[in-house]
Amino acid sequence: MGMPVKRKKRFLVIWLNGILLYILPYLTGLLASLLIAAGNGAVNGEVLYNAAMAFLGNLLFYLGVYHMAVLAVMLTGNIVITGFAILVFGLYEYAVRFTLQRYQSLFFQYFTYYGTSESPVLSPFGLYAELMVDFNRKNILNGKYMAGMLLFALATGLVSYFCYNKRPAEAAGRAMTFEITKPFIKVFLAVPASLMAGLSVAGTVNFTPGKSMEGLGWVIFGMAAVLIIACAVIQVIYEFDIKGALHRKRHIFISGAITALIFLVFRYDFLGYDGYIPKQDKIESVAFVPEYYEDPSYSTRFDEQGNYVSYQDYSGQYMYLTNVADVCELAEISMREYEKIDWYNDIDEIGESDAWWSYATVIYRLKSGREVARSLWVNVEDSQTAGLLDKIMGSEEFKKGYFTGVSDNIENMLASDRYKVSATFGNTVYQEKMGREQITEFLEAYRKDLASADFTNIKESVPAGIVTLYFSEEIGGSAYMGSTTRSWDVGINIYPFFKESIACLTRNGCYTGVQLKWEDVEKIQVMNGNYDIAEELQKQLDESADGENTFDDAELIMEMGTHQNYFNYDIDTRVYAEYTDQEQIKEIVSAAYASELVRQDWDNGKALDRNYSVIVYFKTDSPMTRNYGTSAEYGFLEGQIPGFVKEDTLYKE
């Protein structure tokens, strides 16, 4: 600093040294690697391209981090405080995004994480991570992220240069270089810290605003305590004196006012987030995405590049519903009826009602180019709702954007020699293999059948079996690891009214029309939990013990929809029976379904009776024992239990 050199020149020399310390070793190592690779005949245009793109991307990332560190040095006068400043620069946006999203989730019952991201935008780390993910997928550096890193590096570099020119020489040793920045930094740190403390306390005291305001006082107390402590600690750091803890009290009040305002915005939804439904004339298209609707659990979704995506991202990318009016009407009806429910005080009525609330995500694409996503709870047992769902889920746009089996991606994979393809049809216990030509024939039939499907006829049906498509592709690895394989499994439910599909499967010897062959069965064990009886006995026990019914569990009902599928009782009402008689086995076999085939689904359609568990033991010399195992778990559809099984397994006090 004492040398007779202008600040501008001194900054540029020091800055350039920092750049060269990175570039020269990088280029030296890269050149040596390329020469070695060239000597082994492993260099071509693609290798050179990848090397150049990697250098460019890494250089921009380095510049962003380097300039961010330089800015931290310019704003502080102590090496320890500089380290903390770098951490704040790197983590601050992530912490703010995380906190705001958790508050949205806490206070807004229609909030969805779809379309949100905790990854920071104004950070070289977040931009570089997104760049690398995109490059791994497409082998191309995304110009958007490259431009973002370049702009970040330029902005932080220019601010650093400005601060260097204004930095007083006596700033060395101070916590902060510029007095004007102190109150802003204190407020910007104290407010998120207080809000995060509120989230932590809310989780501890089970503060759930959508159901009850119990615990609000503790949340406010926790926020206030952390706010005061944060302001005090920062002031002590500023002054390097413990006596300064309560100096600048106005900063505490300013931070408290901002924190309270943010909290109230979420508490009373001043911005109108919850319940927002765009006007129909402003909507270009919609995606209605039910959660795991009629989708085997092992089914995967993927985009054109074969990258795995969630069911929400898949529909967000491929579903473009034009019947906007039906979706908006469904949202209005569902939200209006859902908000009438008092989930704490109406538990008995909820448990006894026929309502079944299922979760969905609605993505509104506005004509302005903006995309708005909201969660939605839909009562699938309501007749008016069912009529709207028939129109929405019966449309070609919905099926193409939700069911993977009719996607163009499947067609492209079948048409390409890059992929190994196989398939099976069965009920997860019995399985028949299908060849590539059979798969193509089946998919043509399946598309015809799916065209006639809607919400109601799927809800009223039980799958006759599942076609599972298996795709795999060998992708390049390294000289040490060799090639690797990535694979996709696509499950397709086949319903009894899928006439074309069943005819195709029958022609190819895959469809037998039965769930279980009695000839393969050695014996059957049936367990009846008698849960309805257990529930009544438990209620009587609770009432006699406490004078009131203590059985109802609001949290369990909220998690399970409005019906309880599992109970933990003090009374054991389970009754077991074993059958080896051939005629009894035949009757049980005719009513049994594989447990994995019939699940409690989004539409609350037909399901297995929760009381019964059926274990089928196969004969030791049967094909099932050789191909599958010695036993399998089955169940009975509700209302289809053989009479003698009911009698044999009924609980009697």
Side-chain angles (χ1 to χ4, degrees), residues 11-12 15-16 18-23 26-27 30 48-75 82 84-102 104 113-164 181 184-185 188-189 192 303-305 307-310 312-313 316-317 363 365-366 368-373:
F11 180 88
L12 290 176
W15 172 81
L16 186 58
I19 302 296
L20 294 177
L21 282 171
Y22 176 76
I23 290 180
Y26 189 120
L27 290 178
L30 179 61
L48 293 175
Y49 167 80
N50 286 333
M53 291 298 99
F55 172 73
L56 181 59
N58 290 332
L59 177 60
L60 289 176
F61 173 59
Y62 173 78
L63 286 175
V65 177
Y66 178 45
H67 289 174
M68 187 175 70
V70 171
L71 180 59
V73 173
M74 294 301 103
L75 294 176
T82 299
F84 281 118
I86 294 173
L87 284 176
V88 169
F89 284 157
L91 300 176
Y92 187 80
E93 186 183 354
Y94 173 82
V96 170
R97 282 174 172 266
F98 173 87
T99 303
L100 294 179
Q101 286 180 19
R102 293 308 181 275
Q104 286 179 299
Y113 281 100
Y114 172 82
T116 64
S117 174
E118 294 174 359
S119 179
V121 175
L122 301 177
S123 165
F125 301 102
L127 291 168
Y128 186 75
E130 294 291 339
L131 180 72
M132 289 299 98
V133 169
D134 205 57
F135 182 77
N136 288 334
R137 289 178 178 177
K138 305 174 184 177
N139 202 34
I140 296 175
L141 290 179
N142 192 314
K144 177 176 67 174
Y145 302 121
M146 296 283 283
M149 288 197 296
L150 177 61
L151 289 174
F152 181 88
L154 287 173
T156 50
L158 290 173
V159 173
S160 299
Y161 176 70
F162 175 81
C163 291
Y164 184 84
T181 63
F184 293 101
I185 291 174
F188 287 160
L189 292 178
D303 59 19
E304 292 93 336
Q305 288 77 39
N307 302 305
Y308 299 110
V309 294
S310 68
Q312 289 177 321
D313 289 334
Q317 189 172 349
I363 305 168
R365 302 183 188 89
L366 306 184
S368 63
R370 192 164 68 98
E371 190 174 87
V372 178

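It should be emphasised that the depicted structure is a prediction, and the values quoted were computed from it without experimental measurement. Only heavy atoms go into these numbers, but all of them, side chains included; no hydrogens, no water, no symmetry mates. Residue indices begin at 1 and follow the sequence shown.
For E304, there are no salt bridge (charged side-chain N to carboxylate O under 4.0 Å, His left out) partners two or more places apart in sequence or in a different chain. Not counting sequence neighbours, the partners of A69 by the side-chain contact (heavy atoms from CB on, under 4.5 Å) test are I86. Residues forming a side-chain hydrogen bond (donor to acceptor under 3.5 Å, both in side chains) with S310 (at least two apart in sequence, or on another chain): D313. Applying the side-chain contact (heavy atoms from CB on, under 4.5 Å) test to T181 and every residue at least two apart in sequence or in another chain returns M176, F178, I185. Residues satisfying the ring-ring contact (aromatic ring centres under 6.0 Å, His included) criterion with F162, sequence neighbours excluded, are absent altogether.
A donor-acceptor contact shorter than 3.5 Å is absent between the side chain of H67 and the backbone of T156. The main-chain N or O of S117 is found under 3.5 Å from a side-chain atom of Q101 such that the two form a donor-acceptor pair.
Between F11 and G157 the shortest heavy-atom distance is CZ-O, 4.5 Å. For the residue pair P192 and Y92, the shortest heavy atom distance occurs at CG-OH, 3.6 Å. Among all heavy-atom pairs drawn from A72 and A85, the shortest one is CB-CB, 3.9 Å.
Between Y22 and Y66, the distance from one ring center to the other does not fall under 6.0 angstrom.
Applying the 6.0 Å contact sphere to CZ of F188 captures no more than 12 heavy atoms from other residues, nucleotides or ligands. Counting heavy-atom neighbours within 6.0 Å of F84 CZ, excluding the residue itself, gives a total of 12 or less.
Counting only heavy atoms from C-beta outward, the side chains of E371 and L366 never approach each other to under 4.5 Å. Contact of the L75 side chain with the F89 side chain is registered, since non-hydrogen atoms from C-beta on lie closer than 4.5 Å. Using a 4.5 Å cut-off on side-chain heavy atoms (C-beta onward), V121 and R97 make contact. In this structure, the side chains of I19 and L63 come closer than 4.5 Å at one or more pairs of heavy atoms.
Residue Y26 is tested with Y62, F55, F61 for a ring pair (Phe, Tyr, Trp, His ring centres under 6.0 Å); the sole match is F55.
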Acceptor/donor pairs from residues 122-132 side chains to any protein atom, 3.5 angstrom cut, sequence neighbours excluded:
unit_1, atom_1, unit_2, atom_2, d
S123, OG, F125, N, 3.2
Y128, OH, N58, OD1, 2.4

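A distance of 11.0 Å separates CG of L71 from CG of L158, quoted to the nearest 0.5 Å.
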